[in-house]
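Below is one structure, written out as C-alpha cells; the observations come after it.
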Number of protein chains: 2
Amino acid sequence: MEKIESKQFSAGTKLPSENELANRYGVTRMTARAALSKLEERGYIYSKQGKGRFLKEESMQIQLHLTGKVSFTEKMEQAGYDLETRLISCEKVGFEEKVYKLLNCEPIDHVYKVSRIRIIDGQPMAIHNSFVSEKMFPDIEKERADISSMFAYYRKHGHTEFASSKTMLGISFPTSKEQQLLHCQSMVPLIIVENDCINAATGEVLEHTRILYRSDKFKYDITM
Amino acid sequence: MEKIESKQFSAGTKLPSENELANRYGVTRMTARAALSKLEERGYIYSKQGKGRFLKEESMQIQLHLTGKVSFTEKMEQAGYDLETRLISCEKVGFEEKVYKLLNCEPIDHVYKVSRIRIIDGQPMAIHNSFVSEKMFPDIEKERADISSMFAYYRKHGHTEFASSKTMLGISFPTSKEQQLLHCQSMVPLIIVENDCINAATGEVLEHTRILYRSDKFKYDITM
DNA sequence: ACACAGCCACTTGGCAACAAGTTAGGATGA
DNA sequence: TCATCCTAACTTGTTGCCAAGTGGCTGTGT
C-alpha cells in the first residue's frame, strides 16, 4: 500500500493514475486513492483534476541549532539567509493555566500573545509566539506597531541581561490558521519549542515563548 | 471541519455519528468521514462497524532529557519506570552512504544493524537502531544473541570511555513494520535522533545510532 | 410472565456509477 | 492545406446506494 513513497522520482514527475495503481497492486481504486490522499496531506504531492498527480519539489532543509544561546534572527543572518519577520497579531488571550502560572499572573490579569512569522527566502518557516503580561509591560497595546524584535523591546524597557529556562520540545499538527500562515498541508508535523526568557539580573520572567517550526524545513541540531 | 478535535471529551466517549456531524456542520458525509479518518490515523480515536467511533484514552507522556549524557536505560530506571529492551533483529544492511561514511567503511564492507525495541510499562515507546561495522566487531554474527546492552558489549571488547558526536533530530512517519512494532497508526509522527558513539580514548567511531521515538509518548527536554 | 425470534433503526465500511476537467486526435469545412 | 470543432479516452472529484455489523424493541408462543 504505502510502498509507493519509497519509489523516489524527481520533482514534477507525474505519478501513475489511481486506476493504474489499483490494477498493479490488486486493490480497489478507493484504496489507491486513500494512499495518494495521505501523500497529498503530508505535502509530498499535489493533484490536478483531469491531469493527474505530481511530485512537489523537495524543499531545502536549513540546519538549526535548537539549543544555542544566539537568537533565531542572528542564527539565520549568520548563515546568510534572507530572513523576514512579520508581525501577525498582538492581542489578549484567554486564560491558559500553564502560561499564566509561568508569568506569575492571576486569572484576572491580562496576558498578550505577540505572534510573528519567520519567512526565509520567501518561504514561511516558523511562527514565533511570545506571551507577555500587561502587568510587566503596561503599554504594550500602544506600542504593538513598533515591535520588531522582542529583545530590542525588552532593552527599551530596561532589561539588559537575559537567561532562558528549561526548554521543552513537542510535536503537533497545524490548525487551519497555522496551515495558511505556513503554507502547509494539515499533516505536516510542527515542532513546538517552549521556554521562558528571564531577566538574568532580577530573575523576573519576561516572556514565555512558544515557537512552531515546520518540521520538514529544518534539520535540528540538538548537540549539547 | 477540524474544529472537531478541539472538543475535549473524556476517554471512551462515543463521538457523534458521521451523519449527525454532516448535518450539524452542513457538509457531506464524505467530508465528515475524511475528518474522522484523519483523527483515527493520528491515533486519537478508533471505530467499530455498527457501533460508532470512540475516543482512545490519552496515553501518559514521559519526560525525557534528550541531550543528557546518561543512557536511555539509566534515565528510565532512575525515574522508576519498568523498562524492557527486546532485540528485534541483527542483520547486515545494504549500502547507505551516510552511515558507511560515518563508520569509515567502503561499499564492500559489511555493516550490521542491531535493532532493539524499548518497552515501558508494557507499551512500546521507541526503536533503537545501532549501526556497527563488521570490521570493528568481527564476531557480531555469533554474539548477536548475547547483546543486551550495547555499552556492555563495547566494554567487553575493550572500549571503556565513550563520547558522542553531533546529535541531529528529525521527524518522519512510521513504516508499516514500525507501526506494528510501536503499536501505532500511520500518521503518528516519529522523532528520529541520530548521533555516533565514539571511543573517547582513541577517537574511533564505534557505532552510529538512530533512535525512533513515538512523538506522542514523551515530553522532550532539550535544555542545554 | 417469561423466553425467544424476528425485525427495524442505527452505526461504519465499501463500491460503483456519474460528474467534471484535460488532452489529443480525427473529422469536417473553408 | 490549414484551421476549427467535436469527440473519445484519459485523468481526478463527488455522490449516492447498498452491504455488514450492532443493539434494542416488539410480537408471539409457551
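To find a chain, count down the sequence lines: A is the first, B the second, and so on, and within it residues start at 1.
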Between [Y] and [X], is there a salt bridge with N-O shorter than 4.0 Å?
| X | Y | value |
| --- | --- | --- |
| A:Arg53 | A:Glu18 | yes |
| A:Lys92 | A:Glu134 | no |
| A:Arg210 | A:Glu96 | yes |
| B:Arg86 | B:Glu84 | yes |

Next item on the list: State, with a plain yes or no, whether a side-chain heavy atom of B:Val93 is found less than 4.5 Å away from one of B:Tyr112.
Entry: no

Item checked: Pairwise side-chain contact, B:Arg116 with B:Ser130, heavy-atom cut-off 4.5 Å (strictly under) -> yes

Margin query: Let me test you: for the helix from C:dA1-D:dT30 to C:dA30-D:dT1, what is the angle between the axes at its two ends (five pairs each), rounded to 10 degrees?
Written below: 50°

Next item on the list: Dump the intermediate steps for salt bridge (charged side-chain N to carboxylate O under 4.0 Å, His left out) on B:Lys98 and B:Glu194, then the final yes or no.
Entry: CA-CA 11 Å; B:Lys98 192 174 76 177; B:Glu194 286 189 89; 3.0 Å; yes

Check: Distance under 6.0 Å and angle within 45° of the ring axis: does A:Arg42 meet both against B:Phe173?
Finding: yes

Check: What are the bounds, 5' to 3', of the part of DNA chain C that sits under 4.0 Å from heavy atoms of chain B?
Finding: C:dT11 to C:dG13

Next item on the list: I would like to know whether B:Leu15 and B:Phe54 meet side-chain contact (heavy atoms from CB on, under 4.5 Å); could you show each step before the answer?
Entry: CA-CA 6 Å; B:Leu15 268 68; B:Phe54 305 89; 5.8 Å; no

Check: Could you state the CG-C1' distance from A:Asn19 to D:dC10, rounded to the nearest angstrom?
Finding: 9 Å

Check: Whole Å only: how far is the OH atom of A:Tyr46 from the C1' atom of D:dT11?
Finding: 14 Å

Note to self: Walk along nucleotides 13-23 of chain D from 5' to 3' and tag each nucleotide B, S or - by protein heavy-atom contact under 4.0 Å, base first, then sugar-phosphate.
What the structure shows: BBB-B--BBSS

Note to self: I'd like to know if the side chain of A:Thr85 reaches the main chain of A:Arg118, judged simply by a donor and an acceptor atom lying under 3.5 Å from each other, with no hydrogens or angles considered.
What the structure shows: no

